[in-house]
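Have a look at the structure below before the remarks.
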Amino acid sequence: MNSTICRLAIPVEEGFSLADTLNCGQCFRWNQTESGWFEGVVEGRFCCVSQDDYGILLQGIADGEEDFWRDYFDLATNYANIRTKLCKDKTLAKAAEFAPGIRVLRQHPWETLCSFIISQNNHLARIKGIVARLCECFGDEITNGVYSFPAPERLAVLSEEDLAPLRSGFRAKYILDAARKVSTGEVVLADIKTMPLDDARAALQKIHGVGPKVAECALLYGFARMECFPMDVWMKRAMKYLFPNGLPQCAKENAGIAQQYIFHYARMCPDAFPEKM
DNA sequence: ACCCAGGCGACGA
DNA sequence: TCGTCGCATGGG
């Protein structure tokens with residue numbers, strides 16, 4: 001493997017946290033090794049990632065792929081500016097202050113859609129397990145024991161029985177329906193990127209097993225639709241307590257980032273929300 | 001053992 | 001249109 005280390009600079013004032021970004025529930029294919037580096041696969045590229053005072057350190061990337069990783073970590077976006085807007089609301093400021101270094105990753109549309117189909121009524125740790133088995137069973141081996149995320153065309157030809165090793169339960173038929181509708185073009189992911197938001201939501205929800213929440217997650221994490229605001233059980237609890245009258249207006253254009261701050265805060269500090277007890 | 005999880009579809013009122 | 005229930009599985 002190429003052992004050259006490449007740095008993607010992030011201005012210090014943006015306060016990036018690699019660990020918070022990769023552990024905040026938006027992605028499922030990164031694992032921290034004993035050395036503290038994170039190993040992951042993005043669109044068929046295996047990589048080891050760490051950070052220093054100036055940004056992101058990448059080990060093992062191919063020549064000329066810096067821009068790919070810049071895009072993945074959304075480094076063209078200035079998060080300090082976004083936090084300044086969000087923090088006009090004091091409650092939002094408190095949530096953001098808890099893990100200000102989170103960035104919303106720009107993930108692959110199909111992988112994101114499929115992963116969040118798997119996420120429903122499920123735990124983070126178990127979601128990662130099912131996704132890992134999905135890749136091991138049906139992805140391509142990139143290097144030793146490292147597999148890509150399988151394309152929809154690969155999964156579309158399978159049966160529920162074929163997916164039994166994933167132990168994904170009732171979600172298996174949802175995975176297959178998504179793979180089939182995407183590979184036949186009944187749902188065109190490339191179009192969803194630019195559709196009016198409500199049309200995009202409706203298009204994704206044509207898939208059996210994709211409802212409002214999964215569609216919202218796919219649009220935010222897989223299509224960079226930053227005004228999306230996924231509401232899972234954690235968010236419902238947190239919102240009821242923090243924002244009973246809804247998300248403040250100053251957060252609307254960056255609702256997805258606000259959501260990530262609130263979600264992470266709620267998950268890390270469940271005792272902060274009385275109705276949980 | 002027990003509760004619940006980044007929900008959704010089916011069904012009945 | 002809205003509330004309720006079953007769903008597969010296993011981490012904590």
Side-chain angles (χ1 to χ4, degrees), chain A residues 20-32 95 98-99 102-105 107-109 111-134 136-137 158-181 187 201-243 247 255-273 275-277:
Chain A
D20 289 342
T21 296
L22 299 183
N23 288 330
C24 71
Q26 62 176 321
C27 55
F28 307 103
R29 296 215 67 201
W30 290 98
N31 291 298
Q32 197 163 20
F98 186 75
I102 291 176
R103 300 179 78 87
V104 173
L105 300 168
Q107 301 182 67
H108 187 260
E111 174 173 339
T112 308
L113 172 61
C114 192
S115 296
F116 277 95
I117 286 171
I118 290 166
S119 80
Q120 65 186 82
N121 194 234
N122 216 340
H123 294 89
L124 264 326
R126 196 164 165 271
I127 297 162
K128 290 178 75 171
I130 294 170
V131 171
R133 291 190 288 277
L134 177 67
E136 286 162 22
C137 291
L158 301 176
S159 65
E160 277 188 58
E161 216 171 72
D162 295 325
L163 295 190
L166 307 185
R167 306 197 299 279
S168 62
F170 60 87
R171 303 164 194 85
K173 54 179 164 302
Y174 299 161
I175 295 169
L176 293 179
D177 192 60
R180 287 166 186 161
K181 288 199 167 93
V187 174
R201 290 180 172 117
L204 287 173
Q205 289 179 43
K206 287 195 295 188
I207 295 165
H208 195 65
V210 176
K213 158 63 170 60
V214 170
E216 208 72 357
C217 284
L219 287 167
L220 175 60
Y221 305 119
F223 296 86
R225 303 298 291 259
M226 305 311 291
E227 59 279 49
C228 287
F229 194 76
M231 285 281 275
D232 72 322
V233 291
W234 294 99
M235 284 299 295
K236 285 173 186 168
R237 277 200 290 264
M239 290 300 287
K240 187 176 166 190
Y241 182 67
L242 296 175
F243 303 103
L247 195 65
I257 294 170
Q259 182 270 165
Q260 205 50 246
Y261 289 140
I262 297 165
F263 173 76
H264 193 251
Y265 176 46
R267 215 163 56 92
M268 294 298 106
C269 306
D271 294 340
F273 306 97
E275 58 267 46
K276 166 77 178 176
M277 298 192 277

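Protein chains get the first letters and strands the later ones, always in sequence-line order, with residue 1 at the start of each.
- Here the C1' atom of nucleotide dG6(B) and the CD1 atom of I102(A) are 14 Å apart, to the nearest Å.
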When you compare the protein's N or O atoms with those of nucleotides 10-12 of chain C, which come within less than 3.5 Å of each other, and at what distance?
from, atom 1, to, atom 2, distance (Å)
dG10(C), OP1, R167(A), NE, 2.5
dG10(C), O4', R126(A), NE, 3.1
dG10(C), N2, H123(A), ND1, 3.3

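- Within the structure, no pair that satisfies the side-chain hydrogen bond (donor to acceptor under 3.5 Å, both in side chains) test touches residues 202-211 of chain A, not counting sequence neighbours.
- With rounding to whole Å, L163(A) atom CG is found 15 Å from dT9(C) atom C1'.
- Here salt bridge (charged side-chain N to carboxylate O under 4.0 Å, His left out) pairs that include residues 207-222 of chain A, with residues two or more places apart or in two chains, are R201(A)-E216(A).
- F170(A) has its CZ atom 7 Å from the C1' atom of dA8(C), to the nearest Å.
- A straight line from CG of L124(A) to C1' of dC4(B) spans 13 Å, rounded to a whole angstrom.
- The side chain of M235(A) has dG6(B) as its nearest neighbour among dG7(B), dA5(B), dG6(B).
- With a 4.5 Å cut-off on side-chain heavy atoms, S115(A) and I127(A) do not count as touching.
- For N121(A) against dA8(C), a side-chain N or O and a base N or O form a donor-acceptor pair under 3.5 Å.
- Looking at E216(A), its side chain has no donor and acceptor atom pair within 3.5 Å of the base of dG6(B).
- Within 4.0 Å of C27(A), counting heavy atoms only, lies no atom of the nucleic acid at all.
- Checked against ring-ring contact (aromatic ring centres under 6.0 Å, His included), F116(A) has the following partners two or more places apart in sequence or in another chain: F28(A), Y221(A).
- Across the protein-nucleic acid pair, L176(A) atom CG and dC8(B) atom P stand 18 Å apart, rounded to whole Å.
- Note: C217(A) SG to D232(A) CG = 7.0 Å, rounded to the nearest 0.5 Å.
- The side chain to side chain contact (heavy atoms under 4.5 Å, CB included) test applied to R29(A) returns V41(A), E111(A), V131(A), C135(A), F149(A), not counting sequence neighbours.
- Here side-chain hydrogen bond (donor to acceptor under 3.5 Å, both in side chains) pairs that include residues 160-173 of chain A, with residues two or more places apart or in two chains, are S159(A)-D162(A).
- Between dG7(B) and K236(A), no contact under 4.0 Å exists linking OP1 or OP2 to a side-chain N or O.
- Contact annotation for R267(A): no contact, since no heavy-atom pair falls under 4.0 Å across all strands.
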N/O-N/O pairs, protein side and nucleotides 9-13 of chain B side, under 3.5 Å:
from, atom 1, to, atom 2, distance (Å)
dG9(B), OP1, G209(A), N, 3.0

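- Scanning for salt bridge (charged side-chain N to carboxylate O under 4.0 Å, His left out) contacts around K181(A) gives D177(A), with sequence neighbours left out.
- When heavy atoms are screened at a 4.0 angstrom cut-off, F28(A) is found touching no nucleic acid atom at all.
- If you run side-chain contact (heavy atoms from CB on, under 4.5 Å) between C24(A) and each of I102(A), L105(A), V104(A), L124(A), only I102(A) comes through.
- As rounded to the nearest Å, dC3(B) and dA8(C) have C1' atoms that lie 15 Å from one another.
- Contacts of K128(A) with the nucleic acid, taken as non-hydrogen atoms under 4.0 Å apart, are absent.
- Residues satisfying the ring-ring contact (aromatic ring centres under 6.0 Å, His included) test with Y265(A), not counting sequence neighbours, are F98(A), F273(A).
- For W234(A) and dG6(B), the ring-to-base geometry does not satisfy the stacking test (centroid distance below 5.5 Å, interplanar angle below 30°).
- Q260(A) comes within contact range of at least one nucleobase, with a heavy-atom separation under 4.0 Å.
- Computed from coordinates, the K173(A) NZ to dA8(C) C1' distance equals 9 Å when rounded to whole Å.
- On the P atoms, dC5(C) is 22 Å away from dG6(B), given to the nearest whole Å.
- Here the C1' atom of nucleotide dG6(B) and the CG atom of D232(A) are 4 Å apart, to the nearest Å.
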